[in-house]
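These notes concern the structure reproduced below.
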Amino acid sequence: MFCFLSPVEKDRVKQMNPVVLAFVGDAAYTLFVRERLALALKYKTGELDRRTAEIVSAHGQSESLDKILPHLTEEEEDIFKRGRNAKKPTKSKNASVGEYVRSTGFEALLGFLYLTGQIDRIEELFFSEQGAVE
């Protein structure tokens, strides 16, 4: 995996609106999942689209969150909770309220890790054996 930008200072990222962190985390997670599935070399494009949508959906993220929650540091858990509890300007069309707020926290955590350059930690949490993507 790679990072498009230089890491940003943690203090600066912690001051960002958690919905903005989720905005970045959503994009980063989608890219990471697409990269992982494409490199698996076992899916055709239609299946890549279907699997990606399944994994990055609010429902999929909420399920994946259960796998990583026990492995979060205190700092990571705080970021997740800020994202989960943030006021969001939109509502989900295809997920329950619970799944939607959990997925926003999930994305905020990923946005925080991505922006601070913690790519190894993303790999460990989201893409290892205990991680979110199989």
Side-chain angles (χ1 to χ4, degrees):
M1 282 193 213
F2 55 89
C3 191
F4 285 110
L5 58 96
S6 299
V8 180
E9 292 180 30
K10 271 189 184 183
D11 289 338
R12 180 174 177 203
V13 177
K14 284 183 177 181
Q15 292 175 8
M16 295 174 73
N17 182 316
V19 177
V20 173
L21 291 177
F23 173 77
V24 172
D26 177 53
Y29 191 56
T30 300
L31 178 60
F32 292 148
V33 168
R34 286 175 178 238
E35 178 182 290
R36 177 63 54 120
L37 292 174
L39 293 175
L41 300 174
K42 60 183 177 183
Y43 302 111
K44 294 184 179 184
T45 55
E47 182 69 7
L48 287 171
D49 283 337
R50 189 190 67 72
R51 289 279 300 137
T52 299
E54 187 178 279
I55 293 167
V56 303
S57 70
H59 177 74
Q61 290 178 0
S62 182
E63 284 186 349
S64 296
L65 182 63
D66 292 333
K67 296 177 183 176
I68 67 167
L69 270 177
H71 306 284
L72 297 183
T73 65
E74 188 175 317
E75 178 181 55
E76 292 165 348
E77 191 172 334
D78 288 344
I79 298 293
F80 160 72
K81 288 178 180 177
R82 281 184 54 220
R84 180 193 65 195
N85 297 334
K87 299 283 187 219
K88 294 157 232 17
T90 59
K91 303 288 184 220
S92 176
K93 298 174 205 152
N94 301 313
S96 71
V97 172
E99 288 174 334
Y100 187 60
V101 297
R102 285 170 49 93
S103 71
T104 303
F106 179 94
E107 291 171 345
L109 171 60
L110 191 78
F112 170 78
L113 293 172
Y114 175 80
L115 288 173
T116 56
Q118 297 181 65
I119 305 305
D120 289 342
R121 183 64 174 151
I122 291 171
E123 183 75 30
E124 179 183 334
L125 282 175
F126 296 92
F127 300 102
S128 69
E129 283 185 30
Q130 96 235 351
V133 178
E134 301 154 2

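Atom set for the values below is all heavy atoms of this structure, side chains included, hydrogens, waters and symmetry mates excluded.
Leu48 pairs by the side-chain contact (heavy atoms from CB on, under 4.5 Å) definition with Leu37, Tyr43, not counting sequence neighbours. Evaluation of the side-chain hydrogen bond (donor to acceptor under 3.5 Å, both in side chains) rule for Thr52 yields no partner, not counting sequence neighbours. With sequence neighbours excluded, the residues forming a salt bridge (charged side-chain N to carboxylate O under 4.0 Å, His left out) with Glu54 are Arg50, Arg51, listed by chain and number.
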Per-pair distances, 0.1 Å, donor-acceptor, side chain in residues 12-28, under 3.5 Å, sequence neighbours excluded:
{"unit_1": "Lys14", "atom_1": "NZ", "unit_2": "Glu75", "atom_2": "OE2", "d": "2.7"}
{"unit_1": "Asn17", "atom_1": "OD1", "unit_2": "Val19", "atom_2": "N", "d": "2.7"}

Under 3.5 Å, which donor-acceptor pairs do the side chains of residues 102-112 form with other protein atoms, sequence neighbours left out?
{"unit_1": "Arg102", "atom_1": "NE", "unit_2": "Ser62", "atom_2": "OG", "d": "2.8"}
{"unit_1": "Arg102", "atom_1": "NH2", "unit_2": "Ser62", "atom_2": "O", "d": "2.9"}
{"unit_1": "Arg102", "atom_1": "NH2", "unit_2": "Asp66", "atom_2": "OD1", "d": "2.5"}
{"unit_1": "Ser103", "atom_1": "OG", "unit_2": "Glu99", "atom_2": "O", "d": "3.3"}
{"unit_1": "Ser103", "atom_1": "OG", "unit_2": "Tyr100", "atom_2": "O", "d": "2.9"}
{"unit_1": "Thr104", "atom_1": "OG1", "unit_2": "Tyr100", "atom_2": "O", "d": "2.9"}
{"unit_1": "Glu107", "atom_1": "OE2", "unit_2": "Gln61", "atom_2": "NE2", "d": "3.2"}

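Sorted by first and then second residue, the salt bridge (Lys or Arg N to Asp or Glu O under 4.0 Å) pairs involving residues 77-86 (not counting sequence neighbours) are Glu77-Lys81.
The distance from the CD1 atom of Ile68 to the CD1 atom of Ile122 is 10.5 Å, given to the nearest 0.5 Å. Here the OG-CG distance, from Ser6 to Leu115, works out to 12.0 Å after rounding to the nearest 0.5 Å. Atom CD of Glu35 sits about 5.5 Å away from atom CG of Leu39, to the nearest 0.5 Å. To the nearest 0.5 angstrom, Phe126 atom CZ is 9.5 Å from Phe32 atom CZ.
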Criterion side-chain contact (heavy atoms from CB on, under 4.5 Å) on Leu125 and Glu76, from CA distance to verdict: CA-CA 11 Å; Leu125 282 175; Glu76 292 165 348; 4.0 Å; yes
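Salt-bridge check for Lys44 with Glu47: failed, with every basic side-chain N at 4.0 Å or more from each acidic carboxylate O.
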